Structures are given as structure tokens and as C-alpha cells.
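Everything numeric here is computed off the predicted structure, so don't read it as measured data. Naming convention: chains lettered A, B, ... in sequence-line order (proteins, then strands); numbering from 1 in each chain.
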Amino acid sequence: MRFRFDGVPLSGQAGDTLAAALLANGVRILSRSFKFHRPRGVFSCGVEEPNALVQLGSGARAIPSARATITRLHEGLEAFSQSGWPRLDWDLGRAADWLLPFLAAGFYNKTFKWPGWRRYEGSVRRAAGLGRAPIDADPDGYEVRNLHCDTLVVGGGIAGLQAAMLPPGERVVLVEQDEQFGGCAAWDGSAIDGRPASSWIGAAVARLVGTADVRLLLRSTAVGFYEQGVIAVHERSLRPDGPERADGGPRLPRERLWIVRARRTVLATGAIEQPLIFCNNDRPGVVLAASARQYLRRHGVAVGRRIVLATNNDSAYATAGDLHAAGLAVIGVADSRPEVPGGCRAAMLERSIAVWPGAMPVNTRGFGVLTGVRIGVLSRTGNTLQGGFDLACDALAVSGGWSGQLQLFSQAGGRLVYADTSGALRPECEHPLVRPVGAAADDPPAGAIGRRVAPVGDTRRQWVDLRNDVTVADLELAIRENYTSVEHVKRLTTAGMSVDQGKTSQPAVIEIVARLRGCEPSSLGHPTLRPPYTPVTMGALAGAERGPLYAPARLSPLHEWHASNGAELEDYGPWRRPAHYARPGEARADALARETRAVRTRVGLFDASPLGKIELHGPDARAFLDRLYINDLSKLEPGRSRYGIMLRETGSILDDGTVTVLSPEHCLVTTTSANAARVHAWMEEWHQCEWPHLHLAITPVTEQWATIAVAGGPAREVLRRAGLDIDLSSEAFPHLAVRTAMLRGRPARIHRVSFTGELSYEVNVPAEAGIEAWQALLEAGEDAGIEPVGVEALLRLRLEKGYLHVGTDTDATTVPADVGWGGVCERKRADFVGKRSLTLPENIRADRLQLVGLAGPDGGELPIGGHLRLPGSESPTDGWITSAGRVTLGDGQPIALAMLRGGRQHYGARVSVHDLGRRTTAEVVRPPFFDVEGARLHA
Amino acid sequence: MRPAQRYSVVNVLLQGLARNRGWKPAWRAAEPRPAYDVVIVGGGGHGLATAYYLARHHGIGRVAVLEKKWIGGGNSGRNTQVTRSNYFHPESCAFFDRSLRLYETLGQELNFNIMLSQRGVLTLAASNHELELQRRWANAIRMNGVDSEMLDRAQVLALVPALSAHSRFPIVGGFIQRRGGISRHDAVVWGFARAASALGVDIVQDCEVTGIDIKGGAARGVRTSRGAIASDRIVMCAAGHATELARETGIRLPITTMSLQAMVTEPVKPVLDTVVISAVAHAYVSQSSRGEIVIGGAADIYNSYAQRGSLSVMRATVAAALELFPSFSRLRLMRQWAGAVDITPDTSPIMGLTPVSGLYINCGWGTGGYKAIPAGGETMAYTVAHDRPHPLIRRFGLERFSTGALLDEGAAAGVAH
Amino acid sequence: MLRLPCPHCGLRDEPEFSFGGSPQIRPPSASDGEWTRYLFERENPKGLHLERWVHSYGCGRWFNVVRDTVTHRIVAAYLMGDPAPGVPDPAGHP
Amino acid sequence: MLERGTAAATAGERTAISVMRMERRSVMRLKTWDARDPPGLRLADAPAPLPVGVGMVAAGDPRVLCIGPGEWLLIGTPSGRPAPAGLLRLDGAKTEDWSLVDLSSGACTFAIDGSASRDLLSKGSGLDFHPAQLGTRRCARTRFAQIEALIECLDDERRFELSVARSYAAYLESWLANATEEWR
Ligand SMILES: Cc1cc2nc3c(=O)[nH]c(=O)nc-3n(C[C@H](O)[C@H](O)[C@H](O)COP(=O)(O)OP(=O)(O)OC[C@H]3O[C@@H](n4cnc5c(N)ncnc54)[C@H](O)[C@@H]3O)c2cc1C
Ligand SMILES: NC(=O)c1ccc[n+]([C@@H]2O[C@H](COP(=O)([O-])OP(=O)(O)OC[C@H]3O[C@@H](n4cnc5c(N)ncnc54)[C@H](O)[C@@H]3O)[C@@H](O)[C@H]2O)c1
Ligand SMILES: Cc1cc2nc3c(=O)[nH]c(=O)nc-3n(C[C@H](O)[C@H](O)[C@H](O)COP(=O)(O)O)c2cc1C
Ligand SMILES: [Zn+2]
């Protein structure tokens, strides 16, 4: 397979990771370090990798900071280094290394203050950051899948496979982040139950695959444990991260997030090897010992030709043996323990590999890459050196013990404490939902470990966190400056805060901080282990609900007509509705003027279907509504409607609409389009929680009906022509009444209500009959010059009438008295929701904001959102304009509704209007601005 | 008085040559003393700033800040650092602008770089209606003498090109406060601690206040996990834990403690130079100086002291961030966390006296009290020193919840930040 | 993400529910002070919390929950009007 | 967009998934005043009482789904319309403590069929779709693809009906088209 790194063509083998292929090609330097631009090479072979981060691909499909250690090689893969200028191996930033003494933890707190951080920020930001974010929209898809199971097994190593073998009927999910099952055993040559692990694994997987209700997921990492056994699992690389497949195969999403609900979780997550800490332990060529072994056994790649091993536990001896068996020069094993277990010794003796007990690396040599190591011989106490020797080598494989991967245990609320024996965090007690097993549970135990940190050397060059360039000296400084809590140490030094979240540094940080503070590591706690365990693509978290599917748009039953008849569709709350119907070449303002004129001078047709509609049935329906509305509904006759306002308990206006009594035990209320769901929920809450003894049933029916408003002088004529079979005269069918009728052979419910101030009917027909009815009405109104009108025209027309638009003219503090409905509240004897609050001192202050009308200067403009100041006022603002427009007929005078301090006392006054630096004046007037007597309404 | 050891380039160089061995503790590790003039409960930004200003402006040096864990471990060390003063009501605007002004010189005053980056806070509008409401808001801010500009769609896209990719909701415009921006939360906490400590304030960590002693309607002292401490002036700055702290004193608070989450991506090279907020897509997004994209959104929906965030709310927040910046979908989220925030019914803070004499309260910052830290400390210090509310915080008193004179910033704080 | 046991529908995910906070006893005839206390003060305990939820995306029914606000463990879920299991009913019903 | 009435996604001979928007049919919502399970409520001429227990479905025409305590949906054949009057009979003494509302025009239903139908559904909702939980003649109201939905299982293996409010139909169609891409 061919691939490129920084433009250089290379080749590798199928099944390789990018890191393995680069190693095989002799590429030693993969990145530069974060602060000091030191060269860095492959350090591990898994998700814990701190160094080998590369940018994959380019353009919209680029992936920043991909871990070369877990990136599958594919034909044509393009990888780029993310740091180093002008070149990765010849980096001018290297100069920063000389600044190392000065760039200690938190140095930026102490500098860059003059003349201000902003001056330096740009260069600091450019120097920071890792990869580059794509700037074009992501062409790939993502999805979320939900899953339920009895047992979730995290990790598909031997321990995980064993844990997944459960009695039939048990619903099991097993997730493994790697490309294959078996964990270490898949490649380490071990035997299980007397047979080679690989055959055991094959059989185990086959058996699980064949079991009903068992699901196995590869390349899937459990990344977060949430409440009550909800685990997020991130499935990667469902298809190659190359260009889109041309063969038209199934279009899989790029990644998935599985949300697993599990009764029990087994953590068989294994352990991650920890490094040793000594001077210049960051040189390319220093690798984790088990990783060196894995590269060899799994990918056939040697991390070097002349290899030195250094360890503080038994596990590195297997690496030494394997490297030696592969014909590589294994110079010897430095073991920081004074006594090396006999078994390890014997194994080395067999291969004539030197073992140096009580020894560990104290420094490395090299220019760019590793060329040699100095091994120090520890004194009996381990705290000083007795001597040492130098070795030439091109790889140094280190093991500082193993750290069980218990992040999910901690996220689940399990407590972890540092155990000296393993030098890692261990569970303090059991957890009811989560059980660690296998290597994660330290089972079998790794045994006591030896020294991990070299006792001598320049601590400024002993790296603890490779990714964030944190050294032992930084930890020392933090303690010296009294940042002693592990959380402060983390935040000051940034140790453990980078993309690997301290997977190869956290135990050492705790150990070193404890030593510096002179306390037990177990007493320190540990920085919070947060989700995600490994970073998760944001697309996978969002799933399919991106772009057009981000939020559902609701469409009226008449939508198809609107869409094909020039409607400008806009979002109004969740609804996508016609703002207006544009004619070719017509500007928004002109369309608005034409539509409002059509209604005032002729007749308009308006789609009011989104209007909320709720039916209430039952003997107590009317009594129930009477408790919710400020209006007295007790005497409302069947067949009649009333405008009503409902309040929150604080007395502020929640919503408005009409209440209609259809029959003694059957009411219908309408709500504003935006609040329909809220009002329904509000009613249910009061009924279920407060007044369960009231007998009624509440049914939202918004979706059932298409609602078409016919407004304008000829409205009656239009309905008659459309074939409505009832008496429409004012005597028979007055304003605020409701009738049922047949329209073209279908039942219809007709409300005589008006939001425009014109004679107006709302025709309700079953949704599927909506378009037909709409067209019938258009046809019937043709002679009268009927025109469809959009939401904007309607809002303008109601403004002229001074009708309230809840949410525009009111906010969450507006009480009825502020908008002229105080009297109604006072007159109503019965209690209603919010009533008690209306007499709180705050709600009866004379200087509250009140709704008034404004008349603007001719030819001028009253800007919505402009603020008002009363003559002689001291306060910065006395209110603001909530809605504005122009009168439809005549001179087009600017008019507005406004909330003004003590507003109704100021009719006739002139206020100044302030808008983004411009200033005009307006006269405070009493609305409405049109048809004050309501002659048109009652026509 | 200033910290004995200045933080400066010269000292960084000198100390660097001396292997950084000469740096002194940023703040003293203090043991609690038996009595103080003022005891402050809570070592968050507000507690520490109050201590600093008490010592600095009012000469009260026998002050202790008692912190149950480690300073800044509450919300002050886990917020998304948005600093702005574009509040709707004159009282809020005046207070928060005072805070922003203090922030503008805080780095120098504390001799600690707080990394204030006044890169602009842009609030997007997705519909004409939203734009109209923003205009009302922008004008309110201007009427209060604070900068604020309306931008049209083209101006928004010119400022933040990454917003231009196609998504569900349009961008019709927005408004910006250019003096708004971000700063470094830990630095603010540490800077105040260091400066306060240098003025004699004792900062006592791992010291949980378990009760407040009241006799004859007056505060007498506190009981702590490290013994009793006498003081007749006690300031409660316990944020999400305010209810629990006050419960024993008989003061019942209008506070709900909830989880507010934030999250960061892996660091990337600079792609976003402005703080972007949207109400329709409930998220706000900025990029830190280390390069992470920092994302916040709405609070989780139920009471919680857990300091952990719900998966569903986190997913909704990520989806909202991607609605704004579709191209970020390939970035990876690196860490998700949450704080226990103290939410009031009107989303305005509570500051001032309490019915118990000598007991003062500072809480209710909810999702937005980081930006208030300097002014919160300054005005609380005044309030404690004079036993009457500082003029800037008169409207923020606890009494307003008995008169009903709420100060609803719901509109201004529509998105948590 | 919480999973809440709706008494009618069984365990469901948090996004199916709306949170109603702690039920407050509405004072029948209240002074201004009592009324504002009712409106604004909150129990807000650290630990067990009696609260109301509604299964908005399911059966639409309100129900009571006892939940720990620190661990988020659900201790009980029961119908409106029923006393909290194991929690003495303030009105004195068994 | 999915074509109405045509199989949307097929793989090989065996249909992995097909999603079809169904014809309008009669949907009546029956609700009693008292949510505590009223016993013995039955449809006129029906042999058995209404199913009690949220999620239970009784076969027949109309099919009766218990969607909440004291709340049922009566789903009839396309175009059929159960006559409201005299539909219900109560065995107990109480009379007419219920409402019946026609919701036929407000719903939009998709028929989902195929071996992958449970996989498809699990993309939209956190419900447990295991046959033991949501098997034949079971239904559940849930949040599906961000919206309120009713899901009914017609057949253990593969057949479901998914109903949402009519105004969401277009959104849900695009959502389903996107979600079924992998089987196309
Ligand atoms: C995710 C998130 C994002 C946010 N984003 C922003 C933002 O962008 N902009 C903004 O302005 N604000 C933001 N905020 C809000 C802001 O962080 C807080 O309002 C602010 O930090 C509050 O400061 P504080 O000092 O009052 O509280 P905290 O910092 O929480 O301090 C309170 C301290 O009191 C201690 N304490 C409590 N009880 C006791 C006791 N009994 N004894 C001793 N000590 C005790 C706690 O341990 C804690 O350290 C955000 C908050 C969160 C959680
Ligand atoms: N101390 C040692 O020397 C050492 C170390 C490792 C393994 N082992 C031996 O190997 C045997 C089996 O070990 P094991 O099965 O416990 O561990 P393992 O390391 O073999 O397998 C763990 C598996 O879990 C996967 N994994 C980890 N975190 C994951 C996550 N969040 N989501 C999904 N997958 C995840 C890993 O990719 C790995 O395949 C043990 O008996 C042990 O003796 C020993
Ligand atoms: C602005 C900001 C940026 C952060 N950047 C990082 C980061 O780069 N890496 C990291 O691990 N955490 C980062 N964090 C999160 C902290 O590590 C930590 O999660 C947060 O302060 C809450 O504390 P806790 O998780 O210890 O409870 C950041 C937090 C904030 C507020
Ligand atoms: Zn339910």
C-alpha cells in the first residue's frame, strides 16, 4: 500500500497502523513537542499515544490530530506532520528549547501583562494548537444508535471475551476499540487453557457471534459512563477515511455513537503501560516496552536495531525475549528493582541478555533521535546513584508499570485510590453497576514495582507529560508556589490536560507530587477522570441531526400551495410559514404594503393553521378554563367565543387566544402558534397536579385542522360564494361566535374572530381538505380581488388595531394591567392562576412599563427596538418600541406600540426615540390607530 | 501593598537562570486562626475578590477565606470564561460594566496575567423577530453608555467566516460587544488569592464550613471541619452550595442548584477569533489560547450537585455548536465537565445584607458570574465594610424576592455563559 | 442522561420527560410575604429531593420522584396524589 | 424524499427495510376523566373490554391501543370512520365519563417493514425494541428523531407503524431517508 507522509511517498502493508508503517520506513520523527519543539517519535501503539499525532487528508475530509498508532493504513493515505517550521526535521522553533529554563509552568501568568495580553495573544495562539480544523462543511454522515442489554462488556481481550460468555437469554454487548478481538493475547503468543490464545480467541468470538442476543462491536470505544448505566460507545471508521467510495456501495455513516443502556457493566479494559522518568526521556527512540513488542509481533516492525530495555516490573522481559528472538541486538535490561525475580533472570540468561538489577536510565544521548543511554546504578535505598555506564543504542524500551484503565469506573462514581504496589489507581471498593476484571482489575496482579523516577538529573529535562511538555521541574515549581492540590498542579502545569488526558502520565504525577509534598500518594486523590475516555468526533455526538435535520420544521397542511405560489417561507417558532407572497421583482416592503392594502381595501386570505387549538371535554371543562384565564368565562354561552389571557403564577402573561364554548361540556381554546405545546402542557399540569377532581379531558387538535382566515369587507360574500351553507348575517352570526357548516360537502367549523380589525372568519376544515378549501375560497374571492397574505401583513394589521402580540409586545414580566387588561382582572371575582400576584406591590407600581401607541413624524420611521425617553427624564431609558409599521391607508404615517414607563399617564406627550445613535421624536397616543369604534369588525 | 515578589519578564529571566528555585508561594498556606474580623466562606472568585478588596480598599486585613476543597475548584475554575457587560437592565449594565472595567486593568493591578482577550462577543440572530429583540437589547445597552453594535449578515460572516457553511437556520445578523471577550479563569482566582494573601488575608483550603453560629440575631462565627472560628462578620460566597450553607441560619433562598456543562475539543490552530452565541441553536463557542474550541450551552434540566453533565444535554449542545459551525464536525471532543450553578428565578445575582446582622450573602450567579468577579468582590467588600449595600448592588438584594421587584435578565442571559 | 421510571410506561430516557421541580404547597390565603416565599423560595437540598416529572413524550402523565441530587440515584417514583413510599405523608395519611 | 407508497430501500432479494407513508385512516382518541384504570370499558359489540395497561393493543377494527392511563387510540381502516355515538358501553355504573375526539387528519403514519426495522427504529429512539419489550401488538409513545411519536409493533420480526403529527411529516420523511441510506 502506498501512502505519503509530508509529501514523501512511502509504502506499507495492509493491516498496518500508520505508526507501524512509518516505523518500518525508518521515519523516527513524527512531531514536535508543544512548547519546546523537541523532536518526538512513536511512543506507544495505542490510544494513549502522546507524540504521533498527524493531520490526515486535506480539504473537507481532513482529520486533525489523528493518532498514527490507531490509524489504519489505506491505499493513498496522506498524512502530514502538524508542527515544525519550515520542516519537521529542521524546525526553527527548536530555538524554544533554549528558552526551556524560562518557560516553566505558569510563566505566562507572570509575563505578557504590558501593555495587555491582546498584544501577545495572536502569536501565542498561532504557536499553540495542534492540527488544523477543516473549513468546509463535512461531507460525511454520522448517526446515533440506541441499545439495551443486560451486560455490557467493555474490552474484547481475554478477560472481556470470558466475561461475555453468559447463560443463554442474557442480552450482551461487547465493545472493543481495536480492529480485532483478543487484546494483548491476540498477538503476545500466550496460551489459554493449554492452547494458543489465537485459536481460543477465534473460537470464543465464533461462539459469541452465534449466540442470540449477543452483539459484538469492533473499533468501538466505551467513552463515557453516564447515569444509571448509560454508556456512550464511539464506533469509528465505518468506512475508510479516504475519498467517498465510488462503487455505490452502501452509504454507511462515517462514525456512530451507540448509547447503551446496560444493567451491568464489566470493565475488561486492560491496562496501559507507564513510562519511566529520567533526563531526556522524550527522545524519538524511547518507546514503551510492550508497544515495542506489539510492533514486532503484530506488525513485524522493529523499533530499533540495538535495543536497551529499562523496567521496574516483570513485563518488559517478554519484550526483551521477543526482540532477541527476532534477531535484534538486545543489549540488556536495566531493572530498577534491587532484586530481579528468578524467572525473569533465567529467561534472560537463556538468551544471554544482560540484566542490571537496581539500575535505571538517567539520561539519553542523541541529536534529534536517540543514539545512546546512560544507565545509573542505584544505591541500596534507590535514592542516589552509585555509578553508571553508557550504552549505544537506537531504541530504549521502557516500562514503568501498568495502569488499569478504570476511567469509566470513576465516571460511574466508583472511588479510585493510588496503590503503591502497582503505582496506579485501583478501585477502593466495589460498585453496584460496574465490575472491573482482567488486567484492568490488576488481575493477576503485576506485582510490586520498583522505582519509576530517576533519583538524579536535571528535572527540567525529565518529561512527565510528553504531549503538553510538562517536566518534573514544573511539578516542583507548582509545589514550591503552593499549588499543592493535584487539581492545582494539573491546572498550573497542564499535566494530563492534553488529548491523551494523562493516560501515560497521571500515576507518575501523583507519585511525584506526593514525594514533593512529603505525603502518601494515596492521600492525594486524583484529578477528576471525565468523559470521554478517548476523544470523540463531534459529528458522532450530534448524529444525524445536523444541517437540515438539526431541528424539525413544522409545515402547515397548506404548505404545498404556499411553496408553489411564491411564498417567502421563514421560521416562526417551530413553524415554517409564508412571511409574504412575493411577486417577481417585488421587494419585501412592497409586498407587505400590497398585502396589507389588499386586506384593508379588498379581502385577504391567511393560513392560520399553526394557531394552537385545544379541545376540552367534560362537565368541568368550562370551570377549569375559568380558573386559568383572567376573563370571566362562567357566563359564556354555547356558540360564543371570548378573547382570553392566561397568566403565569407570578402574574405575568403566558399566552392569549380565544375561548369558545361549543356545547355545555365541550370547549375549544386557541393559543398563539408558538405557545401551543406550552399551553397544553400548562393545562395538563394544572389538571393533573392541582385539580385532579375536575372532570375533563384535554385534547390538542392543532394538527387536525387547516385554519384559513378570510378577512376584509367582502369576507361574507366570499364565504357565501365558496358554498358555505349557513346564514352569515351579523344577526345570525355575530362577531365572536362559532358555527358548524358544510363547505363543499365537508364539515367545517367557522369562527367569527378577527386579528386584523376587519370583518373576518376563520374557516376550519380537516387538514387534508385544507388546500381544496383554500383554493375554493381564492376562487370565490377572485371578483372581490382576494389575495393571499403572509404573517408579516397580519402582524402589521393587528398593530394598527393595537392588538397585543404575546412575546413581541409582552415579555416575561408583563402583567395584564401593563397592557390595559387590569380592569378585567379586578372585576373577575373568582380566583384564577396568577391572580394573587397581581396585587403584589411591585405589580401595581405606577411607574411600570405600560403599552401605549406612538405616532411618528411624517416621512420618518419608528424603529422596532428603539428606546424611549420621556421629556425631562433622568433615567437612561423609559421604555422601548415593541412593534412598528405604518398605517395602511392614507398617508402611511409611522406608528408603533411601545412599552413606556407609566405609559398611560403620558398620552399626548412627545418622547424621544433613540436607535443606534439616531434620534427622533414621537407622540404618545392611545391605540388603536385604525377604526377606533370597531365598525369594520362588527360589520 | 503589593506581593513581595513581582511577576515580570525580568524576574522570569532571573529566576529561570536560578532554575526557578527562588519563586515564593503564590499565596501562603495558612492555618485557620481562632478569630477573624471577617470570615468569607467559599474560595471561588467572588470570595477571594471580596477578601482582596476588603484588605485593599478598606484596610481590613484580618480576613480569612475558608474553602472546603481547593480554591477555584467551584464554578470559578470550570467556566467558559466569557466576559461581557451587555446586560439589559440599567442596574445590571452598570454593575457588569464596572466589572469589565476592573477586568481591563486587573492583570496589572494584581500583577498576574489574567489573559483578558477583548475579542468581541457576537450574539447571532436567526430571524427578523430575533433581530428586532436584539435591537431592543443593543439599544438598551447603548442607553446605558456601553458599547454595542448591530451587524448585518454580511458583517457577521466577514467577522466569523466559519459561520457561513449551510445549516438549518439562517443568520440574518447579530449584535456584538467588542469589549467583551474571554480571560483565563484560573488566573483570576490565583491572581486574587496571591494579591489578597500578600495583604494579609488567610486563605485556608480543605476547610469546610459546617455551620454558622448566630446569637441574638447576629453572626458570631463559623464551625468548620478544622474547628470553630469566631467572627462577627461572615460573607457567604458558596455559589451552588449557598442553600445548604444558609439553611441552618433560617434563611431560605430562591436558588436552584443545577448542572451547567462545558466541553472542549482537541486543540487546533486558530479558527475562531470571536465569542459566538446563539439562542436558536442553544450554544456558545469560543477558542482558547491553547487552541481548544470551548463550548457551552443550556443547563441540565434538574436540580443537581453532581458537577457532572447529562449525555443528552451534552449531545444537544454539540449539535447546536455544529449548527453554527458545521465544519467542526470532524473535530474531536476531548473533555466534558460541569459545575453546580446557583440559579435564581430572575437570573440576576443576590448580593448584600441578610436578615441576620453581620451575615452577608453573595450568590445566585448562575450561569454568568465569572464576568462579575472583580465588581462582585469590590461591592461586597464595601457592603461588609459599611454594613450597607454598595450603590451598584442595591437592586440585587435578597429583599427583592419578598417584594416581587425582580430584575429579570432572562432575555439577556437567554443562553448560559 | 437520567433514566426515569414512569409509573405507567416503565424506564425511559431523560429527553422524554420534563422536570417540574419540587411541589410547593400553595398557601390558600397568603400575605404578600407568604406568597412571594411560595413563588420564589426553593428547597434545593443536597441529597434526597422530592420532585415532579411529566412524561411529555410518552403517556403525558405527571408523577413524583425521590432522587438524590448528588448521585442522581432514583430512590422512588410514584403516582400523583400517592404518598412517598417510606416518607411520612405530611397530611397524616398512612 | 421518499416516494409515497413505494419501498424506499431494499438490499438484495430480501428487503432490509422499506418505509412507506400510509394512507389517512380514522384515528379516534378516547379519554376518560379519571386516569386510574377504569374497569370494564368496552366498545359496542366488542367481545373484550378495552385493553388496560399502557402499551397494550387489542386487535380488531378498530384496533385499540392503550396509550396512557385511561387513554386509548381507536385506529380504523383507511377511510373508515367509527361512529362516535353509541360506540362505548360501560359495564360499571358511571356513564359517559369520557371524551372521543377525531384525530384522523392530524396524524401521519409510516409503515416500516424489513429485517432492519428494529435497527432503523433504534436510530431514532431510546426505547427498547427487543421483541420481549415491544413485540406483536404492543405500542409505545416515545420521542423519535426529536419529535413525539407513537410506535406500534405489528409483527415480532419486522413490521412497525410509526405515527407523528402531520406537520412533521416532511421532516420525518427526510430523516427516514437519511437513516435508511445504509440499506440502499
Ligand atoms: C460550565 C460553566 C460555564 C460558565 N461560563 C461562564 C461564562 O462564560 N461567563 C461567566 O461570567 N460565568 C460563567 N459561569 C458562571 C461562573 O463560573 C460562576 O457564576 C462564578 O464562577 C461564581 O463564582 P463564585 O465565587 O460565586 O462561586 P464558586 O467559584 O463556585 O466558589 C464557591 C466556592 O465555595 C466553596 N464552598 C461551598 N460551600 C462551602 C462550605 N460550606 N465551606 C467552605 N467552602 C465552601 C466551593 O468549594 C467553591 O470553591 C459558568 C459556570 C459553569 C459551571
Ligand atoms: N500486567 C501485565 O503484564 C499485563 C498487561 C496487560 C494484559 N495482561 C494479561 O492479559 C490478560 C488479558 O487481559 P485483559 O483482557 O484484561 O486486557 P487486554 O489488554 O488484553 O484487553 C483489553 C482490551 O480492552 C480494550 N479496551 C480498553 N478500553 C476500552 C474501551 N474504553 N472501550 C473499548 N475497548 C477498550 C483494549 O483495546 C483491549 O483490546 C490478563 O490476564 C493479563 O494477565 C497482563
Ligand atoms: C476554558 C477551559 C479550557 C479547558 N481546557 C482544557 C484542556 O485543554 N484540557 C483538559 O483536560 N481540560 C480542559 N478544561 C477542563 C478542566 O480540565 C476541568 O475539566 C474543568 O476545569 C472542571 O474541573 P473537573 O473536571 O476537575 O471537575 C478546560 C476548562 C476550561 C474552563
Ligand atoms: Zn409514561
### Task
Against chain A, work out which of M143(B), E292(B), E149(B) has the most heavy-atom pairs shorter than 4.5 Å and name it.
M143(B)
### Message
Could you tell me if D138(A) and S329(B) have a donor-acceptor pair between their side chains, going purely by distance under 3.5 Å?
### Response
yes
## Note on the structure
Honestly, the part of T537(A) sitting under 4.5 Å from a heavy atom of chain B is both
### Message
With rounding to the nearest 0.5 angstrom, report the CH2 to CH2 distance, W190(B) to W27(B).
### Response
7.0 Å
### Query
Side chain, backbone, both or neither: which part of T882(A) has a non-hydrogen atom closer than 4.5 Å to chain B?
both
### Summary
If one checks every heavy atom of V144(A) against chain B at 4.5 Å, the contacting part turns out to be side chain
### Query
Measuring heavy-atom distances to chain B, does I479(A) have an atom under 4.5 Å in its side chain, in its backbone, in both, or in neither?
neither
### Query
Taking NZ, NE, NH1 and NH2 as the nitrogens, is one of them in D147(B) or R142(B) under 4.0 Å from a carboxylate oxygen of the other?
no
### Message
With chain B as the partner, which of L477(A), L840(A), V124(A), L257(A) has the greatest number of non-hydrogen pairs under 4.5 Å?
### Response
L477(A)
### Part of E227(A) lying under 4.5 Å from any heavy atom of chain B
both
### Query
Between W117(A) and Y120(A), what is the ring plane arrangement, given parallel below 30°, perpendicular above 60°, and tilted in between?
tilted
### W880(A) and H867(A) aromatic ring geometry - parallel, tilted or perpendicular at 30°/60° bounds
tilted
### Message
Assess whether a salt bridge exists between R61(A) and D136(A), defined as any Lys/Arg side-chain N lying under 4.0 Å from an Asp/Glu carboxylate O.
### Response
no
### Task
Could you tell me which portion of P90(B) (side chain, backbone, both or neither) has an atom closer than 4.5 angstrom to a non-hydrogen atom of chain A?
side chain
#### Entry: Contact leader toward chain A among Q205(B), Q118(B), M314(B), R21(B), where contacts are heavy-atom pairs under 4.5 Å
R21(B)
### Task
Let me know if A29(B) has heavy atoms under 4.5 Å from chain A in its side chain, its backbone, both or neither.
both
### Task
Any chance you could measure L333(B), atom CG, to T265(B), atom OG1, to the nearest 0.5 Å?
7.0 Å
### Message
Are Y483(A) and W70(B) an aromatic pair, judged by ring center distance below 6.0 Å?
### Response
no
### Under 3.5 Å side-chain donor-acceptor pair for R254(A) and Y142(A)
yes
### Task
List the steps, then state whether salt bridge (charged side-chain N to carboxylate O under 4.0 Å, His left out) holds for R576(A) with D571(A).
CA-CA 5 Å; R576(A) 183 162 292 157; D571(A) 292 305; 3.6 Å; yes
### Query
Is chain A contacted by the side chain of L106(B), its backbone, both, or neither, given a heavy-atom distance below 4.5 Å?
neither
### Query
Hey, are D500(A) and S498(A) close enough side-chain-wise for a donor-acceptor pair under 3.5 Å?
no
### Query
So what's closer than 4.5 Å to chain B heavy atoms on A579(A): side chain, backbone, both or neither?
neither
### Query
Which bit of R400(B) is near chain A, if near means a heavy-atom gap under 4.5 Å: side chain, backbone, both or neither?
neither
#### Entry: Ring-face cation of R184(B) near F112(B) (centre distance under 6.0 Å, axis angle within 45°)
no
### Message
At a 4.5 Å cut-off on heavy atoms, which part of T403(B) comes close to chain A: side chain, backbone, both, or neither?
### Response
backbone
### Summary
So, the part of R491(A) with a heavy atom under 4.5 Å from chain B: the answer is both
### Task
Against chain B, label A553(A) side chain, backbone, both or neither, depending on which of its atoms sit under 4.5 Å from a heavy atom there.
both
#### Entry: E487(A) side, atom CD; T528(A) side, atom OG1 - distance, nearest 0.5 Å
4.5 Å
#### Entry: E323(B): side chain to side chain contact (heavy atoms under 4.5 Å, CB included) partners, not counting sequence neighbours
Y550(A), S167(B), R168(B), F169(B), A281(B)
### Message
Shorter than 4.5 Å, heavy atoms on both sides: which option in F107(A), W114(A), F112(A) has the most such pairs with chain B?
### Response
W114(A)
### Query
Between R119(B), H129(B), E132(B), which shows the greatest number of heavy-atom pairs under 4.5 Å with chain A?
R119(B)
## Note on the structure
One option among I864(A), I259(A), L103(A) has the most heavy-atom pairs under 4.5 Å with chain B, and it is I864(A)
### Interchain contact, R119(A) with chain B, by part (heavy-atom threshold 4.5 Å)
neither
### Query
Which residues in residues 11-18 of chain B have any heavy atom lying under 4.5 Å from a heavy atom of chain A?
V12(B), L13(B), G16(B), L17(B)
### Task
Go through the atoms of A306(B) and report whether side chain, backbone, both or neither lie under 4.5 Å from a heavy atom of chain A.
neither
### Message
If you count heavy-atom pairs within less than 4.5 Å of chain B, which of D915(A), T494(A), T534(A), I881(A) leads?
### Response
D915(A)
### Query
Any sub-3.5 Å donor-acceptor pair from Q108(B)'s side-chain atoms to K113(A)'s backbone N or O?
yes
### Message
I'd like to check W337(B) versus R308(B) (side-chain heavy atoms, cut-off strictly below 4.5 Å). Are they in contact?
### Response
no
### Message
With heavy-atom distances below 4.5 Å as the criterion, would you say the side chains of M497(A) and R335(B) are in contact?
### Response
no
### Steps toward side-chain contact (heavy atoms from CB on, under 4.5 Å) verdict (N111(B), K110(A))
CA-CA 7 Å; N111(B) 182 232; K110(A) 298 168 176 156; over 6 Å; no
### Task
Check the side chains of T808(A) and H805(A) for a donor-acceptor pair under 3.5 angstrom, ignoring hydrogens and angles.
yes
### Query
At a heavy-atom separation under 4.5 Å, does M263(B) approach chain A through its side chain, its backbone, both, or neither?
neither
### Message
Between S65(A) and chain B, with a heavy-atom cut-off of 4.5 Å, which part of the residue counts as in contact: side chain, backbone, both or neither?
### Response
both
### Query
Heavy-atom distance under 4.5 Å to chain A: side chain of D186(B), backbone, both or neither?
side chain
### Query
Which one, A133(A), G106(A), G131(A), A540(A), leads in non-hydrogen pairs under 4.5 Å with chain B?
G131(A)
## Note on the structure
The interface call for A193(B) against chain A, heavy-atom contacts under 4.5 Å, is neither
## Note on the structure
Cut-off 4.5 Å, heavy atoms of chain B, and the answer for V230(A) is side chain
### Task
Decide yes or no on side chain to side chain donor-acceptor pair (under 3.5 Å) for E121(A) and S289(B), but give the supporting numbers first.
CA-CA 7 Å; E121(A) 186 185 38; S289(B) 33; 5.6 Å; no
### Message
If I measure from the heavy atoms of chain B, does A127(A) come under 4.5 Å with its side chain, its backbone, both, or neither?
### Response
backbone
### Task
Identify which part of P161(B) has an atom lying under 4.5 Å from any heavy atom of chain A, answering side chain, backbone, both or neither.
neither
#### Entry: chain A contacts, top residue of I295(B), D206(B), D273(B) (heavy-atom pairs, under 4.5 Å)
D273(B)
### Message
Counting C-beta onward and ignoring hydrogens, is there a side-chain heavy-atom pair between P863(A) and R135(B) closer than 4.5 Å?
### Response
yes
### Message
Looking only at the side chains, is there a donor atom on one of R290(B) and S288(B) sitting less than 3.5 Å from an acceptor on the other?
### Response
no
### Query
With only heavy atoms counted, which part of L916(A) is less than 4.5 Å from chain B, the side chain, the backbone, both or neither?
both
### Task
Could you check which of Q287(B), R315(B), R136(B) has the highest count of heavy-atom pairs closer than 4.5 Å to chain A?
R136(B)
### Query
Relative to chain B, which segment of R918(A) carries a heavy atom at a distance below 4.5 Å: side chain, backbone, both, or neither?
side chain
